[in-house]
Amino acid sequence: MSEELLASLRSAFFRELQERLQRARGILDERLSPPDLDRLHQEFDSLYGAARAVNCPQLETAFRTLAEFARWLRRGPPGGPTETDLRLLTGAVDKGLRCEGGMACDACALGGAGELQAIVKRIESERRPAAAAKGDK
Amino acid sequence: MKRILVVDDSATSRLLFKAHMPKDGDYAVVDAKNLDEALAAVAEAPTDMVFLDYNMPDSSGVEIARALRDAGADAVLYLLTANTQESVLSEAQAAGIRGVLEKPITAQKLSKALTDAGL
């Protein structure tokens, strides 16, 4: 892939990232109980695919985890999403909105040890094992 | 010139699709981000092939395939998806979708799909 094409793709991805995360924030701000997890899952899942398309592995992994988390919350768990679950999702969306775009992913503040990754790791370590135990993915 | 329509709600994915189209072929690529735009695109001009993302809000790629058929479109239909579960493939086949282009899209995969469709 040429550098020119990659730059165009990352520019398109940055716009899409902002649009989808703003929508995700709006869904969480609706304060529905539970929130519209179908729409939330859709936004994260589309961002997962788009991040993969622009070869941004950090965000690809992050949005895949968030999409799986939203899907798991939609199907269970008993009692619905907890306040902690919703805080994790809101925190992840807010961190994602800090993406400045246009830079290589390995130089991006969201990558590596970034705050978004910290939230994603927390979801994986504290919440996803519960999903795996249910046989969900 | 062969007219190709790609339907995907992701602007990034639509751009990537266009970038991977063969440069040496005689293709005109148009895009749509949802059912309404897809129906408008096939009504606008005869379309030879349509690539439909599977996972989209409001209407899935399979649902759009059915709507295109109902609207009289006779284009070759392909599904774009990373989900190749048997249930998805069966659903696609029942909707008249001829093949699946597995994501992530590459120029090689896209070229093969076009060739397989006789384009």
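Letters go in sequence order (proteins before strands), and every chain restarts at 1. As the structure is a prediction and not an experimental result, all values here were calculated from the model.
Using a 4.5 Å cut-off between non-hydrogen atoms, the part of residues 6-22 of chain B that approaches chain A consists of B:D9, B:S10, B:A11, B:T12, B:L15, B:L16, B:A19.
Other residues, nucleotides and ligands place more than 12 heavy atoms under 6.0 Å from the NZ atom of B:K109. More than 12 heavy atoms of other shown residues, nucleotides or ligands fall within 6.0 angstrom of atom CD in A:E30.
If you measure heavy-atom distances from A:R20 to chain B, the contacts under 4.5 Å come from the side chain alone. Looking at A:S8, the atoms closer than 4.5 Å to chain B (heavy atoms on both sides) sit in the backbone and in the side chain alike. A:L9 touches chain B through backbone and side chain together, each having a heavy atom under 4.5 Å away.
Residues B:L52 and B:V29 fall into different hydrophobic clusters, defined by Ile, Leu, Val, Met, Phe, Trp and Tyr side chains chained together at heavy-atom separations under 4.5 Å. B:L119 and B:L5 fall into different hydrophobic clusters, where Ile, Leu, Val, Met, Phe, Trp and Tyr residues are linked whenever their side-chain heavy atoms come under 4.5 Å apart, directly or through other members. B:V100 and B:I105 fall into different hydrophobic clusters, where Ile, Leu, Val, Met, Phe, Trp and Tyr are joined by side-chain heavy atoms under 4.5 Å apart, directly or via other members. In the hydrophobic clustering of ILVMFWY residues, with side-chain heavy atoms under 4.5 Å counting as a link, B:L79 and B:M56 come out together. A continuous path of Ile, Leu, Val, Met, Phe, Trp and Tyr side chains, each step under 4.5 Å between heavy atoms, connects B:L39 with B:V62, placing both in one hydrophobic cluster.
Taken to the nearest 0.5 Å, the NZ atom of B:K103 stands 8.0 Å off from the CZ atom of A:R52.
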